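See structure below.
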Amino acid sequence: MPFLSLPGFDLDATLDAGQTFAWERRADGSWQGFAGDQPCIVAARPGGVDVLHGPVDAVRRYFFHTGPEGERLLDALPPDPAVQRALAACRGLRLIQDPWWPCTASFICSSLKPIPHIRQLHWRLRRAWAAPGADFPDLPFPSPAQVASAGEQALRRLGLGFRARHLHAAASVLAEGRWDFSRLQGLPTEEAARQLRSLPGVGDKIAHCILLYAGGRLDAFPLDVWMIRIMQRHYRKPGRRLRRPADLHRFAARHLGPLRGLAQLYLFHHARMEKTRPDQDDKSGQGKAISPWSAPLLPPGNRPRSAVA
DNA sequence: ACCCAGGGGCAAG
DNA sequence: CTTGCCCATGGG
(Lines give C-alpha, C1' and ligand atoms only; values in the text may rest on other atoms or scores of the structure.)
Protein backbone atom coordinates (compact mmCIF):
# COMPACT_ATOMS: atom_id res chain seq x y z
CA MET A 1 0.00 0.00 0.00
CA PRO A 2 1.30 3.45 -0.93
CA PHE A 3 2.98 5.54 1.73
CA LEU A 4 3.02 9.29 1.23
CA SER A 5 5.89 10.99 3.01
CA LEU A 6 4.67 14.18 4.68
CA PRO A 7 7.10 15.11 7.46
CA GLY A 8 5.54 16.94 10.39
CA PHE A 9 2.03 16.50 9.06
CA ASP A 10 -0.88 16.07 11.53
CA LEU A 11 -3.69 14.33 9.68
CA ASP A 12 -6.19 14.41 12.55
CA ALA A 13 -5.78 18.13 13.18
CA THR A 14 -5.97 18.90 9.47
CA LEU A 15 -9.19 16.97 8.87
CA ASP A 16 -10.84 18.05 12.12
CA ALA A 17 -10.11 21.77 12.04
CA GLY A 18 -13.40 22.88 10.55
CA GLN A 19 -11.92 23.67 7.14
CA THR A 20 -13.38 20.60 5.41
CA PHE A 21 -16.35 18.37 6.17
CA ALA A 22 -15.72 15.81 3.46
CA TRP A 23 -13.91 13.35 5.75
CA GLU A 24 -15.23 10.89 8.32
CA ARG A 25 -13.20 9.08 10.94
CA ARG A 26 -13.42 5.30 10.73
CA ALA A 27 -13.50 2.88 13.61
CA ASP A 28 -9.80 2.05 13.20
CA GLY A 29 -8.77 5.72 13.32
CA SER A 30 -8.23 6.13 9.59
CA TRP A 31 -10.22 8.69 7.57
CA GLN A 32 -12.47 8.15 4.58
CA GLY A 33 -13.37 11.08 2.43
CA PHE A 34 -12.77 12.97 -0.76
CA ALA A 35 -9.59 14.54 -2.06
CA GLY A 36 -11.22 16.71 -4.68
CA ASP A 37 -13.70 14.31 -6.25
CA GLN A 38 -11.56 11.24 -5.55
CA PRO A 39 -12.74 8.92 -2.78
CA CYS A 40 -9.79 8.09 -0.53
CA ILE A 41 -8.95 6.38 2.74
CA VAL A 42 -5.91 7.69 4.56
CA ALA A 43 -4.30 6.72 7.85
CA ALA A 44 -1.81 8.68 9.92
CA ARG A 45 1.66 7.16 10.15
CA PRO A 46 4.95 8.47 11.53
CA GLY A 47 6.33 10.88 8.95
CA GLY A 48 3.35 10.76 6.61
CA VAL A 49 0.17 8.92 5.70
CA ASP A 50 -0.76 5.56 4.27
CA VAL A 51 -3.12 5.86 1.33
CA LEU A 52 -5.33 2.81 1.83
CA HIS A 53 -7.65 3.69 -1.01
CA GLY A 54 -7.66 6.15 -3.88
CA PRO A 55 -5.02 7.86 -6.02
CA VAL A 56 -1.94 9.10 -4.18
CA ASP A 57 -1.65 12.11 -6.48
CA ALA A 58 -5.09 13.35 -5.48
CA VAL A 59 -4.14 13.06 -1.81
CA ARG A 60 -0.91 14.94 -2.43
CA ARG A 61 -2.74 17.73 -4.26
CA TYR A 62 -5.36 17.88 -1.53
CA PHE A 63 -2.80 18.46 1.22
CA PHE A 64 -1.11 21.03 -0.95
CA HIS A 65 0.58 22.95 1.85
CA THR A 66 2.76 20.05 2.94
CA GLY A 67 6.38 19.72 1.99
CA PRO A 68 9.13 22.35 1.96
CA GLU A 69 6.88 25.04 0.42
CA GLY A 70 4.31 24.60 3.17
CA GLU A 71 7.04 24.73 5.76
CA ARG A 72 8.32 27.98 4.31
CA LEU A 73 4.86 29.50 4.56
CA LEU A 74 4.68 28.58 8.23
CA ASP A 75 8.00 30.30 8.79
CA ALA A 76 6.59 33.38 7.07
CA LEU A 77 3.60 33.65 9.40
CA PRO A 78 3.45 36.94 11.32
CA PRO A 79 5.58 37.26 14.49
CA ASP A 80 2.45 37.87 16.52
CA PRO A 81 2.62 36.12 19.94
CA ALA A 82 -0.86 34.59 19.72
CA VAL A 83 -0.23 33.29 16.20
CA GLN A 84 3.14 31.86 17.15
CA ARG A 85 1.70 30.16 20.23
CA ALA A 86 -1.04 28.59 18.14
CA LEU A 87 1.45 27.57 15.46
CA ALA A 88 3.76 25.96 18.01
CA ALA A 89 0.83 23.99 19.42
CA CYS A 90 -0.59 22.90 16.05
CA ARG A 91 2.46 22.85 13.80
CA GLY A 92 1.26 19.78 11.88
CA LEU A 93 -2.04 21.37 10.88
CA ARG A 94 -2.11 22.24 7.17
CA LEU A 95 -4.46 23.95 4.78
CA ILE A 96 -6.45 21.70 2.45
CA GLN A 97 -8.05 22.44 -0.89
CA ASP A 98 -11.67 21.41 -1.37
CA PRO A 99 -13.67 21.73 -4.60
CA TRP A 100 -15.74 24.91 -4.96
CA TRP A 101 -19.25 23.57 -4.83
CA PRO A 102 -19.00 21.00 -2.01
CA CYS A 103 -17.13 23.58 0.04
CA THR A 104 -19.74 26.24 -0.66
CA ALA A 105 -22.65 23.93 0.07
CA SER A 106 -21.06 22.74 3.32
CA PHE A 107 -20.52 26.25 4.60
CA ILE A 108 -24.03 27.31 3.64
CA CYS A 109 -25.06 24.48 5.97
CA SER A 110 -22.69 25.73 8.68
CA SER A 111 -24.74 28.64 10.01
CA LEU A 112 -25.31 28.23 13.74
CA LYS A 113 -24.07 24.65 13.66
CA PRO A 114 -21.25 22.95 15.57
CA ILE A 115 -18.60 21.36 13.37
CA PRO A 116 -19.76 17.74 13.93
CA HIS A 117 -23.25 18.69 12.74
CA ILE A 118 -21.91 20.31 9.62
CA ARG A 119 -20.00 17.14 8.81
CA GLN A 120 -23.15 15.13 9.42
CA LEU A 121 -25.16 17.30 7.03
CA HIS A 122 -22.42 17.08 4.39
CA TRP A 123 -22.57 13.29 4.44
CA ARG A 124 -26.36 13.23 4.55
CA LEU A 125 -26.27 15.21 1.31
CA ARG A 126 -23.89 12.68 -0.23
CA ARG A 127 -25.91 9.67 0.96
CA ALA A 128 -29.23 11.19 -0.07
CA TRP A 129 -28.19 10.96 -3.72
CA ALA A 130 -26.39 7.65 -3.52
CA ALA A 131 -27.72 4.59 -5.31
CA PRO A 132 -29.85 2.32 -3.10
CA GLY A 133 -27.59 0.40 -0.75
CA ALA A 134 -24.51 2.23 -1.90
CA ASP A 135 -22.02 3.72 0.54
CA PHE A 136 -18.46 4.98 0.48
CA PRO A 137 -16.67 5.19 -1.92
CA ASP A 138 -19.71 5.61 -4.19
CA LEU A 139 -20.86 8.90 -2.68
CA PRO A 140 -20.13 11.77 -5.08
CA PHE A 141 -21.31 15.13 -3.80
CA PRO A 142 -24.65 16.01 -5.44
CA SER A 143 -24.31 18.58 -8.21
CA PRO A 144 -26.01 21.98 -8.06
CA ALA A 145 -28.56 20.70 -10.58
CA GLN A 146 -29.34 17.69 -8.41
CA VAL A 147 -29.72 19.77 -5.27
CA ALA A 148 -31.80 22.33 -7.11
CA SER A 149 -34.20 19.78 -8.57
CA ALA A 150 -34.65 18.05 -5.21
CA GLY A 151 -36.52 21.05 -3.85
CA GLU A 152 -36.32 22.93 -0.59
CA GLN A 153 -38.63 20.58 1.27
CA ALA A 154 -36.46 17.58 0.50
CA LEU A 155 -33.51 19.45 1.97
CA ARG A 156 -35.52 20.28 5.06
CA ARG A 157 -36.26 16.61 5.49
CA LEU A 158 -32.51 16.03 5.65
CA GLY A 159 -32.39 18.27 8.72
CA LEU A 160 -31.05 21.42 7.09
CA GLY A 161 -33.61 23.63 8.81
CA PHE A 162 -33.63 27.25 7.70
CA ARG A 163 -30.46 26.58 5.68
CA ALA A 164 -32.53 24.55 3.21
CA ARG A 165 -33.89 27.68 1.56
CA HIS A 166 -30.40 29.12 1.12
CA LEU A 167 -28.83 25.94 -0.21
CA HIS A 168 -31.65 25.35 -2.64
CA ALA A 169 -31.51 28.92 -3.90
CA ALA A 170 -27.72 28.85 -4.28
CA ALA A 171 -27.85 25.51 -6.09
CA SER A 172 -30.50 26.91 -8.44
CA VAL A 173 -28.39 29.96 -9.28
CA LEU A 174 -25.44 27.73 -10.15
CA ALA A 175 -27.51 25.11 -11.98
CA GLU A 176 -29.10 27.75 -14.17
CA GLY A 177 -25.69 29.17 -15.00
CA ARG A 178 -26.55 32.59 -13.62
CA TRP A 179 -23.32 32.51 -11.65
CA ASP A 180 -20.08 30.55 -11.96
CA PHE A 181 -16.97 30.18 -9.81
CA SER A 182 -14.82 31.14 -12.79
CA ARG A 183 -15.94 34.71 -12.10
CA LEU A 184 -13.51 34.76 -9.20
CA GLN A 185 -10.49 34.31 -11.45
CA GLY A 186 -8.10 37.21 -11.21
CA LEU A 187 -10.20 39.23 -8.79
CA PRO A 188 -8.63 40.60 -5.63
CA THR A 189 -9.84 38.67 -2.60
CA GLU A 190 -12.03 41.49 -1.35
CA GLU A 191 -13.75 41.74 -4.72
CA ALA A 192 -14.03 37.95 -5.03
CA ALA A 193 -15.75 37.87 -1.64
CA ARG A 194 -18.19 40.48 -2.87
CA GLN A 195 -18.95 38.31 -5.90
CA LEU A 196 -19.47 35.22 -3.75
CA ARG A 197 -21.87 37.13 -1.52
CA SER A 198 -24.30 37.32 -4.42
CA LEU A 199 -25.00 33.63 -3.76
CA PRO A 200 -27.95 33.11 -1.39
CA GLY A 201 -26.76 32.04 2.05
CA VAL A 202 -23.23 33.28 1.46
CA GLY A 203 -22.37 36.29 3.58
CA ASP A 204 -19.01 37.77 4.47
CA LYS A 205 -17.81 34.97 6.76
CA ILE A 206 -18.73 32.11 4.44
CA ALA A 207 -17.37 33.92 1.39
CA HIS A 208 -13.97 34.13 3.07
CA CYS A 209 -14.16 30.46 4.10
CA ILE A 210 -14.76 29.48 0.48
CA LEU A 211 -11.91 31.63 -0.78
CA LEU A 212 -9.53 30.13 1.80
CA TYR A 213 -10.53 26.46 1.80
CA ALA A 214 -11.46 26.08 -1.86
CA GLY A 215 -9.68 29.00 -3.46
CA GLY A 216 -6.39 28.71 -1.58
CA ARG A 217 -6.35 32.47 -0.99
CA LEU A 218 -4.20 32.92 2.10
CA ASP A 219 -5.41 36.49 2.65
CA ALA A 220 -9.05 35.44 2.97
CA PHE A 221 -9.99 35.93 6.60
CA PRO A 222 -13.18 34.26 7.90
CA LEU A 223 -14.61 36.26 10.80
CA ASP A 224 -16.75 33.96 12.90
CA VAL A 225 -17.65 34.21 16.59
CA TRP A 226 -14.43 32.41 17.52
CA MET A 227 -12.22 34.80 15.60
CA ILE A 228 -14.04 37.79 17.03
CA ARG A 229 -13.48 36.47 20.56
CA ILE A 230 -9.86 35.68 19.85
CA MET A 231 -9.16 39.10 18.38
CA GLN A 232 -10.98 40.87 21.20
CA ARG A 233 -8.96 38.87 23.68
CA HIS A 234 -5.59 39.50 22.11
CA TYR A 235 -5.76 42.70 20.12
CA ARG A 236 -8.30 45.02 21.67
CA LYS A 237 -6.83 48.13 23.14
CA PRO A 238 -8.66 50.48 25.51
CA GLY A 239 -9.18 53.17 22.94
CA ARG A 240 -9.95 51.29 19.77
CA ARG A 241 -13.26 49.85 18.67
CA LEU A 242 -12.30 46.56 17.00
CA ARG A 243 -15.76 45.11 16.90
CA ARG A 244 -17.25 45.69 13.49
CA PRO A 245 -16.19 43.25 10.76
CA ALA A 246 -14.70 46.11 8.74
CA ASP A 247 -12.47 47.11 11.66
CA LEU A 248 -11.44 43.51 12.30
CA HIS A 249 -10.62 42.95 8.62
CA ARG A 250 -8.60 46.15 8.55
CA PHE A 251 -6.69 45.23 11.67
CA ALA A 252 -6.02 41.69 10.42
CA ALA A 253 -4.72 42.98 7.10
CA ARG A 254 -2.33 45.38 8.76
CA HIS A 255 -1.29 43.32 11.78
CA LEU A 256 -1.31 39.76 10.38
CA GLY A 257 -0.41 40.51 6.79
CA PRO A 258 -1.01 38.64 3.53
CA LEU A 259 -0.99 35.22 5.24
CA ARG A 260 -3.74 36.20 7.67
CA GLY A 261 -6.07 33.45 6.46
CA LEU A 262 -3.47 30.84 7.25
CA ALA A 263 -2.83 32.48 10.61
CA GLN A 264 -6.56 32.32 11.23
CA LEU A 265 -6.51 28.54 10.67
CA TYR A 266 -4.06 28.10 13.54
CA LEU A 267 -5.70 30.63 15.86
CA PHE A 268 -9.11 29.06 15.32
CA HIS A 269 -8.03 25.47 15.77
CA HIS A 270 -5.83 26.23 18.75
CA ALA A 271 -8.65 28.06 20.54
CA ARG A 272 -11.04 25.23 19.85
CA MET A 273 -8.57 22.68 21.21
CA GLU A 274 -8.03 24.77 24.33
CA LYS A 275 -11.75 24.72 24.96
CA THR A 276 -12.19 20.97 24.81
CA ARG A 277 -8.83 19.79 26.10
CA PRO A 278 -9.26 17.94 29.42
CA ASP A 279 -7.91 19.95 32.31
CA GLN A 280 -5.12 18.18 34.15
CA ASP A 281 -6.54 19.32 37.49
CA ASP A 282 -10.01 18.13 36.58
CA LYS A 283 -10.35 14.52 37.66
CA SER A 284 -13.76 14.27 36.05
CA GLY A 285 -12.23 14.56 32.61
CA GLN A 286 -14.98 16.90 31.50
CA GLY A 287 -12.52 19.51 30.43
CA LYS A 288 -12.59 23.02 31.70
CA ALA A 289 -15.47 25.16 30.61
CA ILE A 290 -13.58 27.77 28.63
CA SER A 291 -10.63 30.02 29.12
CA PRO A 292 -11.75 33.36 30.45
CA TRP A 293 -12.51 35.31 27.32
CA SER A 294 -12.74 38.90 28.36
CA ALA A 295 -15.79 39.50 26.21
CA PRO A 296 -17.98 36.46 25.42
CA LEU A 297 -19.94 38.33 22.72
CA LEU A 298 -23.02 36.20 22.30
CA PRO A 299 -24.18 35.88 18.72
CA PRO A 300 -27.11 38.25 18.12
CA GLY A 301 -29.60 35.49 17.39
CA ASN A 302 -28.92 33.74 20.67
CA ARG A 303 -29.05 36.76 22.88
CA PRO A 304 -31.46 36.04 25.70
CA ARG A 305 -34.89 37.52 25.22
CA SER A 306 -35.27 40.58 27.33
CA ALA A 307 -36.80 39.66 30.68
CA VAL A 308 -38.71 42.90 30.79
CA ALA A 309 -41.85 42.86 28.75
C1' DA B 1 -35.58 22.69 30.87
C1' DC B 2 -32.43 25.16 29.34
C1' DC B 3 -28.11 26.71 26.39
C1' DC B 4 -25.49 27.21 22.36
C1' DA B 5 -23.61 26.29 17.76
C1' DG B 6 -17.35 28.47 12.29
C1' DG B 7 -24.35 33.27 10.00
C1' DG B 8 -27.32 35.41 6.68
C1' DG B 9 -31.12 38.24 5.33
C1' DC B 10 -34.17 41.57 6.14
C1' DA B 11 -36.63 45.52 8.11
C1' DA B 12 -36.08 49.40 10.85
C1' DG B 13 -33.63 53.07 13.23
C1' DC C 1 -24.15 52.07 7.79
C1' DT C 2 -25.58 50.23 12.06
C1' DT C 3 -28.88 47.34 15.26
C1' DG C 4 -32.57 43.75 16.28
C1' DC C 5 -34.99 39.83 15.11
C1' DC C 6 -35.94 35.60 12.84
C1' DC C 7 -34.73 31.52 10.89
C1' DA C 8 -34.70 25.07 12.58
C1' DT C 9 -32.06 21.43 14.47
C1' DG C 10 -29.29 18.56 17.49
C1' DG C 11 -26.32 17.71 21.26
C1' DG C 12 -24.52 18.88 25.89
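So you know, we letter chains A, B, ... as the sequences are listed, proteins then strands, and number each from 1. All values reported here derive from a predicted model rather than from experimental measurement.
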Give, ordered by number, those residues of residues 142-160 of chain A having at least one heavy-atom distance below 4.0 Å to an atom of DNA chain C; if nothing qualifies, reply none.
A:R156, A:G159

When all nucleic acid strands are considered with a 4.0 Å heavy-atom cut-off, which category describes A:A17: base, sugar-phosphate, or nothing?
base

By the 4.0 Å heavy-atom rule, please label A:Y213 as base, sugar-phosphate, or nothing.
base

Considering only [options], which nucleotide approaches the side chain of [X] most closely?
X: A:R243; options: C:dT3, C:dA8, B:dG6; answer: C:dT3
X: A:F162; options: B:dG8, C:dG11, C:dA8; answer: C:dA8
X: A:W226; options: B:dG8, C:dC7, B:dG6; answer: B:dG6
X: A:P222; options: B:dA5, B:dG6, B:dG8; answer: B:dG6
X: A:I115; options: B:dG6, B:dG7, C:dG11; answer: B:dG6

Comparing A:Q120 and A:S111 on DNA chain C - which has the more 5′ nearest nucleotide:
A:S111

Ignoring hydrogens and geometry beyond distance, is the side chain of A:Q264 in donor-acceptor contact with the base of B:dG6 at under 3.5 Å?
yes

Atom [atom1] of [X] to atom [atom2] of [N]: distance rounded to whole Å?
X: A:R124; N: C:dA8; atom1: CZ; atom2: P; result: 16 Å
X: A:L112; N: B:dC3; atom1: CG; atom2: P; result: 16 Å
X: A:I108; N: B:dG8; atom1: CD1; atom2: C1'; result: 10 Å
X: A:R229; N: B:dG7; atom1: CZ; atom2: P; result: 9 Å
X: A:L121; N: C:dA8; atom1: CG; atom2: P; result: 14 Å
X: A:R165; N: C:dA8; atom1: CZ; atom2: P; result: 7 Å
X: A:H117; N: B:dG6; atom1: NE2; atom2: P; result: 9 Å
X: A:H249; N: C:dC1; atom1: NE2; atom2: P; result: 15 Å

Compare side-chain N and O positions of A:R272 against OP1 and OP2 of B:dG6 and report whether any pair is under 4.0 Å apart.
no

Among residues at least two apart in sequence or on other chains, which ones pass side chain to side chain donor-acceptor pair (under 3.5 Å) with [X]?
X: A:Y62; result: A:T20, A:W23, A:D98
X: A:R157; result: none
X: A:R72; result: none
X: A:Q84; result: none

Keeping to residues at least two apart or across chains, list the salt bridge (Lys or Arg N to Asp or Glu O under 4.0 Å) pairs with something in residues 210-227 of chain A.
none

Nearest-nucleotide 5' precedence on DNA chain B, A:A207 against A:R163
A:R163

Represent DNA chain C in dot-bracket notation, 5' to 3'. Only Watson-Crick or G-U wobble pairs with both distances under 3.5 Å count; pseudoknot-style crossings use [ ] and interstrand partners use |.
|||||||.||||

P atom, C:dC5 versus B:dG6: distance in rounded Å?
24 Å

With no hydrogens and no angle check, is any side-chain donor or acceptor of A:R260 less than 3.5 Å from a backbone partner on A:G257?
yes

Please answer whether the main-chain N or O of A:T66 pairs with a side-chain N or O of A:R94 as donor and acceptor at a distance below 3.5 Å.
no

Centroid separation A:F9 to A:F63 less than 6.0 Å
yes

Determine, using the 4.5 Å side-chain heavy-atom cutoff (strictly less than), whether A:L187 and A:W100 are members of one ILVMFWY cluster.
no

Using heavy atoms and a sub-4.0 Å distance, could you list which residues of residues 87-103 of chain A are near DNA chain B? By number, please.
none

May I have the step-by-step check of ring pair (Phe, Tyr, Trp, His ring centres under 6.0 Å) for A:H270 and A:Y266, ending in yes or no?
CA-CA 6 Å; A:H270 182 54; A:Y266 293 92; 9.9 Å; no

Check residues 36-48 of chain A and write down every donor-acceptor pair under 3.5 Å in which the side-chain atom is one partner and the other belongs to a residue at least two apart or another chain.
from: A:R45; atom 1: NE; to: A:D50; atom 2: OD2; distance (Å): 2.6

Are any protein N/O atoms closer than 3.5 Å to N/O atoms in nucleotides 9-13 of chain B? If there are, list each pair with its distance.
from: B:dG9; atom 1: OP1; to: A:G201; atom 2: N; distance (Å): 3.1

Qualifying residues under ring pair (Phe, Tyr, Trp, His ring centres under 6.0 Å), relative to A:H249, sequence neighbours excluded:
A:H208

Test side chain to side chain contact (heavy atoms under 4.5 Å, CB included), reference A:H65, set A:T14, A:L95, A:L74, output is A:L95

Apart from A:F3 itself, residues in the same hydrophobic cluster as defined by side-chain heavy atoms under 4.5 Å
none

Stepwise side chain to side chain contact (heavy atoms under 4.5 Å, CB included) check, A:F162 with A:S111:
CA-CA 9 Å; A:F162 60 82; A:S111 299; 4.3 Å; yes

Can A:F268 be classed as stacking with the base of B:dG6, given a centroid separation cut-off of 5.5 Å and a plane angle cut-off of 30°?
yes

